[in-house]
Amino acid sequence: PGSSSRAPRVAVVVYVLKDNTKVLLGRRRSSRGDSTFALPGGHLEFGESFEECAGREMMEETGLAIHNIELLTVTNNVFSDDNAHYETVFMRATCVNPEEPPRNMEPDKCHGWDWYRWDNLPQPLFHPLQKMVQDGFTPFYTT
Ligand code: 8DG
Ligand code: MG
Ligand code: MG
């Protein structure tokens, strides 16, 4: 089908915050953004809330339980290379068990998860994330 008969999809991704200075990133194995560092997340399923989707994708991809799940913002992302279009919903959350290490639950989709300081992010970042960083966005708690 041509692009005129298709609709944008909704993705929910999560800034999982550690010590209010680090985020969880994984290097993608995918035709879209291969080898770039991206947040955990995936497609919103029919009938799901953003919070439910965030919690489910986190468990499916990293084995970690999250809480304090909050909506941050939404960005519009057109991937002209592979004719995809997403409304990407960015959430933030913290881990229920802060000392538990992430597990690479979907090794066919990800090279592995790790915590990265915001002032020392790995490169290259997945394009939607790169754009936000460039625009000065930060996901952390302010007091
Ligand atoms: P699913 O079958 O588990 O639902 O999908 P997935 O395999 O986990 O999909 P994904 O590629 O991880 O996420 C869906 C789309 O979300 C992705 O192709 C493009 C969009 N997306 C962004 N930014 C980010 C991000 O930082 N991380 C992830 N994982 N996806 C993102 O626009
Ligand atoms: Mg997924
Ligand atoms: Mg995913």
Side-chain angles (χ1 to χ4, degrees), residues 1-98 100-141:
S3 57
S4 60
S5 66
R6 298 170 55 208
R9 302 185 73 184
V10 180
V12 175
V13 303
V14 195
Y15 285 103
V16 187
L17 308 183
K18 193 182 183 68
D19 304 329
N20 207 32
T21 53
K22 287 172 245 168
V23 297
L24 188 66
L25 298 175
R27 199 152 65 83
R28 290 172 66 80
R29 302 180 67 140
S30 165
S31 51
R32 186 171 310 128
D34 191 44
S35 282
T36 63
F37 289 88
L39 301 167
H43 300 92
L44 184 67
E45 290 183 358
F46 193 89
E48 230 176 13
S49 70
F50 294 155
E51 291 79 7
E52 287 166 346
C53 183
R56 177 183 55 74
E57 286 287 343
M58 269 300 291
M59 190 52 73
E60 287 175 2
E61 298 186 350
T62 73
L64 295 177
I66 53 172
H67 60 175
N68 305 315
I69 307 172
E70 298 175 327
L71 173 65
L72 290 178
T73 192
V74 180
T75 66
N76 185 57
N77 297 292
V78 176
F79 299 89
S80 26
D81 289 0
D82 68 342
N83 197 28
H85 183 179
Y86 283 93
E87 298 311 311
T88 309
V89 178
F90 290 83
M91 311 295 286
R92 75 175 167 195
T94 56
C95 286
V96 172
N97 306 305
E100 186 178 348
R103 284 182 286 154
N104 193 11
M105 306 288 281
E106 297 178 337
D108 53 321
K109 289 187 178 182
C110 179
H111 290 277
W113 300 103
D114 210 344
W115 300 101
Y116 296 92
R117 288 186 59 94
W118 193 255
D119 58 14
N120 191 25
L121 291 173
Q123 294 293 332
L125 295 174
F126 193 29
H127 188 250
L129 183 57
Q130 177 62 41
K131 266 195 304 183
M132 293 176 91
V133 172
Q134 251 160 29
D135 291 349
F137 179 86
T138 58
F140 299 103
Y141 299 102

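Heads up: numbering here begins at 1 and tracks the sequence. For ligands, and for the atoms within them, numbers begin at 1 and follow the listed sequence.
Using a distance-only test at 3.5 Å, with no hydrogens or angles considered, a donor-acceptor pair links the side chain of R6 to the main chain of N83. The closest donor-acceptor contact from the side chain of N20 to the backbone of Y141 lies under 3.5 Å. At least one donor-acceptor pair under 3.5 Å links the side chain of N104 to the backbone N or O of C110. The backbone N or O of L24 sits nowhere less than 3.5 Å from a side-chain atom of K18 that would complete a donor-acceptor pair. In this structure a side-chain-to-backbone donor-acceptor pair under 3.5 Å is present from S49 to E52. A donor-acceptor pair is defined here as one N or O able to donate and one able to accept, closer than 3.5 Å; such a pair exists between the side chain of S30 and the backbone of R32. The main-chain N or O of G41 is found under 3.5 Å from a side-chain atom of E61 such that the two form a donor-acceptor pair.
Side-chain contact of D19 with T21: a donor-acceptor pair under 3.5 Å is absent, judged by distance alone.
Ion pairing between a basic and an acidic side chain is recognised when a charged N comes within 4.0 Å of a carboxylate O; R56 and E60 show such pairing.
Of all heavy-atom pairs between P101 and L64, the closest is O-CD2, 3.7 Å.
Within the structure, ligand 1 lacks H127 among the residues with a heavy atom less than 4.0 angstrom away. Residue contacts with ligand 1 do not include S30, since none of its heavy atoms lies under 4.0 Å from the ligand. Note on ligand 1: L129 sits outside its first shell, no heavy atom being nearer than 4.0 Å.
Among protein heavy atoms, the minimum distance from atom 11 (O) of ligand 1 is reached at R28 NH2, 3.0 Å. Distance from atom 32 (O) of ligand 1 to its nearest protein heavy atom, with residue and atom name: T88 OG1, 2.8 Å. Of the protein's non-hydrogen atoms, the one nearest atom 12 (O) of ligand 1 is G41 O, 3.0 Å. Of the protein's non-hydrogen atoms, K109 NZ, 3.6 Å is the one closest to atom 2 (O) of ligand 1. Ranking the protein heavy atoms by distance from atom 29 (N) of ligand 1 puts L39 O, 3.0 Å first. In terms of protein heavy-atom proximity, atom 3 (O) of ligand 1 is closest to E57 OE2, 3.0 Å. Nearest non-hydrogen protein atom to atom 20 (C) of ligand 1 is A11 CB, 3.9 Å. The nearest heavy-atom contact from the protein to atom 13 (O) of ligand 1 is G42 CA, 3.6 Å.
Among the atoms of E60, no N, O or S atom falls under 2.8 Å of the Mg ion (ligand 2). Here E106 does not reach the Mg ion (ligand 2): none of its N/O/S atoms is less than 2.8 Å from the metal.
Of all the N, O or S atoms in E57, the one closest to the Mg ion (ligand 2) is OE1.
With rounding to the nearest 0.5 Å, the separation of CE in M91 from OG1 in T73 is 11.5 Å.
Atoms of ligand 1 lying under 4.0 Å from any heavy atom of V13, numbered from 1 in the order shown and given with element: 24 (C), 25 (C), 27 (N), 28 (C), 30 (N), 31 (C). Near N77, meaning under 4.0 Å from any of its heavy atoms, are these atoms of ligand 1: 32 (O). Near P128, meaning under 4.0 Å from one of its heavy atoms, ligand 1 places the atoms 22 (C), 23 (N), 32 (O).
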Derivation of the ring-ring contact (aromatic ring centres under 6.0 Å, His included) call for Y116 and F37: CA-CA 10 Å; Y116 296 92; F37 289 88; 5.7 Å; yes
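Looking at L39 and V14, their side chains never come closer than 4.5 Å, going by heavy atoms from C-beta outward.
An N or O contact shorter than 3.5 Å links R32 to ligand 1 by distance.
Selection from Y15, Y86, F126, F90 by nearest heavy atom to atom 15 (C) of ligand 1 gives Y86. Closest to atom 5 (O) of ligand 1 by heavy atom, among Q130, R9, E61, H43, is H43.
Atoms O of G41 and OE2 of E61, as seen from the Mg ion (ligand 3), are separated by an angle of 80°, to the nearest 10°.
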